[in-house]
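In what follows, a structure is listed as structure tokens, so that the remarks can point back to it.
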Amino acid sequence: MESFLIKGGVPLHGEVTISGSKNAALPIMAAALLTDEPCVIRQVPALSDTRFMARILQSLGATVKFERGTLTIHARKLRGHGDYELVRQMRGSVCIMGPLLGRLKKARVSLPGGCVIGARPINLHLKGFEALGAKIEIEGGYVSATAKKLNGATMFLGGRAGSTVLGTANVMMAATLAGGVTVIESAACEPEVVDLAKFLNAMGAKIAGAGSPTITITGVKKLRGAEHEVIPDRIETATYAIAAAATNGEVTLKGARAEHLRAVIDKLEEAGVRVERRGANLLVRRNGRLKAVDVTTLPYPGFPTDAQAQMMSLLALAPGISIITERIFESRFMHVSELARLGADIEIEGPSAIVKGGRPLSGAPVMASDLRASAALVIAGLAAKGVTQVNRVYHIDRGYENIDGKLRQLGARIQRVEET
Ligand code: EPZ
């Protein structure tokens, strides 16, 4: 297993190009299952998650070619169920259910278990499929959805924490080939849902309202192959912006989309960070001393839960008390105890973390527990005095393309080593 060795204390400087969005690419790859014609998807990040999804699509019978960020997927013939083991290992793969149900009127996948950040049930996905007329069965660790015919319906997909991103994506994909009109209320408004709808419409679907809480899908008989370029990754953008601020550097984020990051930019500016739009780029640097701020994670356009851990690393450096409240996932504070190893002073009170910021951090061996927690530990290590060893970086390779290479490009002293 690999680790990162980070010698901290170097302000990041220079330019970095933002990769395509993992959370847009995964459902878009699954959507290619809706047609028997080839689909070409560009700006797909080279990550273990996208490679994994490619293997799952192949296990369903599709051919997949990945060259220099461009994927060609051709699902000429399809099997109704994916490789149990493969699907079980990556939660995001649950979004193959909608396309399989839409095209084959049957889908059977391993029930995704919980993960370290929360229970993560899929009851809302299944509620949507049932509303379209599918029969749902859970047996032997599998969940299956079958239907003679899918019929459009109006449904409310809001849950405990508000809307569901992949739930909206899954039901939207199934509804593209259903008879009649489907209306999803309390739909997720994330840019990744909008990007998926754009690709589906390029395939001949009739989707309106993506990006708003009410999405209307008029079913069609058949979808065709299409070409699409995936949006830049807004969470990768937020991660590099926060790293620039935490190290008191100055970084240009090439190809970043500021309009997808309003809540993050707003909180960074409140915390004493300057974020300037320069054409298709963002320039990020400190604007004097860091300041403590309160952050609450919410569905889009609120502050993204996927940037919560990284923001905590920054606020550990800001003098004063910051309160970070996690409203989306019930146990997404695994990084707190690891940040404490680097000297941060953070207490958990129910859904909130009380950050007493301003203490200098010092390097130590720490353990990554999930994708975004590992990004937070890398940021803290870059800001800390001395050497930090971040173990189990396979977590970070799931969602960040060549992060150590990109950070070295910005002057960071980071190495990828075999874990000792
Ligand atoms: C997507 O997960 C992202 N993953 C997550 O990013 C992200 O954290 C999350 O959206 C929220 O923004 C991908 O796109 C692959 P949800 P998803 O359904 O769709 C509850 C990362 O770091 N819920 O919007 O699985 C759920 O438990 C990952 O890149 C139900 O109760 O998240 C959670 O509390 C981590 N029932 C809340 O809703 C359901 O049927 C939001 O989950 C579905 C969800």
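What you see is a predicted model, and the numbers here were worked out from it, not measured in a lab. As the structure lists them, so they are numbered: ligands from 1, and atoms in each ligand from 1.
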Which heavy atom of the protein is the closest neighbour of [atom], given with residue, atom name and distance?
{"atom": "atom 26 (C) of ligand 1", "result": "F329 CE2, 4.2 Å"}
{"atom": "atom 40 (O) of ligand 1", "result": "L124 N, 2.7 Å"}
{"atom": "atom 29 (O) of ligand 1", "result": "R372 NH2, 2.8 Å"}
{"atom": "atom 15 (C) of ligand 1", "result": "N23 OD1, 3.3 Å"}
{"atom": "atom 1 (C) of ligand 1", "result": "V165 CB, 4.0 Å"}
{"atom": "atom 11 (C) of ligand 1", "result": "T305 CG2, 4.0 Å"}

Open item on the list: Can you check atom 20 (C) of ligand 1: any protein non-hydrogen atom closer than 4.0 Å?
Closed with: no
Task: Of the listed options G167, P121, G159, closest to atom 44 (C) of ligand 1 (non-hydrogen atoms) - done: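 Considering heavy atoms of G167, P121, G159, the nearest to atom 44 (C) of ligand 1 sits in P121.
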TODO: Identify the heavy atoms of P112 and R91 that sit nearest to each other, and give their distance.
DONE: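 The answer is CB-NH1, 3.5 Å.
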Task: Residue-ligand contact R327/ligand 1, heavy atom below 4.0 Å - done: no
Task: Non-hydrogen atom of E192 closer than 4.0 Å to ligand 1 - done: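 Flag not set, E192 not near ligand 1.
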Open item on the list: Tell me which pairs pass ring pair (Phe, Tyr, Trp, His ring centres under 6.0 Å) where either residue lies in residues 175-209, with sequence neighbours left out.
Closed with: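 Passing the test, one end in residues 175-209: F199-H228.
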Does [X] come within less than 4.0 Å of [Y], counting only side-chain N to carboxylate O?
{"X": "E137", "Y": "K135", "result": "yes"}
{"X": "D404", "Y": "R408", "result": "yes"}
{"X": "E15", "Y": "K254", "result": "yes"}

Of all the atoms in ligand 1, which lie at a distance below 4.0 Å from a heavy atom belonging to [X]?
{"X": "R160", "value": "33 (C), 34 (O)"}
{"X": "I122", "value": "39 (C), 40 (O)"}
{"X": "H125", "value": "40 (O)"}
{"X": "K22", "value": "21 (C), 29 (O)"}

Examine the proximity of ligand 1 to [X] and report which part, side chain or backbone, both or neither, has a heavy atom under 4.0 Å away.
{"X": "N123", "result": "both"}
{"X": "D306", "result": "side chain"}
{"X": "R332", "result": "side chain"}
{"X": "I328", "result": "both"}
{"X": "T164", "result": "both"}

Using a distance-only test with no angle check, is there a side-chain donor-acceptor pair under 3.5 angstrom linking [X] and [Y]?
{"X": "T239", "Y": "Y400", "value": "yes"}
{"X": "T297", "Y": "E326", "value": "yes"}
{"X": "N391", "Y": "Q389", "value": "yes"}

So is [X] polar-close to ligand 1, meaning N/O to N/O under 3.5 Å?
{"X": "A161", "value": "no"}
{"X": "L26", "value": "no"}
{"X": "R120", "value": "yes"}

- [ ] For S186 and G162, indicate whether the former's side chain and the latter's backbone hold a donor-acceptor pair under 3.5 Å.
- [x] no
Task: Test log, rule salt bridge (Lys or Arg N to Asp or Glu O under 4.0 Å), inputs E276 and R285 - done: CA-CA 9 Å; E276 288 166 43; R285 58 189 163 185; 2.5 Å; yes
Task: Neighbour count above 12 (heavy atom, 6.0 Å) for R327 CZ - done: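 No, CZ of R327 has 12 or fewer neighbouring heavy atoms, counting only those of other groups under 6.0 Å.
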Task: Beyond-backbone contact of L78 with L100, side-chain heavy atoms, under 4.5 angstrom - done: yes
Open item on the list: Test salt bridge (Lys or Arg N to Asp or Glu O under 4.0 Å) on E130 and K127; report intermediate values, then the result.
Closed with: CA-CA 5 Å; E130 263 174 341; K127 176 183 174 186; over 6 Å; no
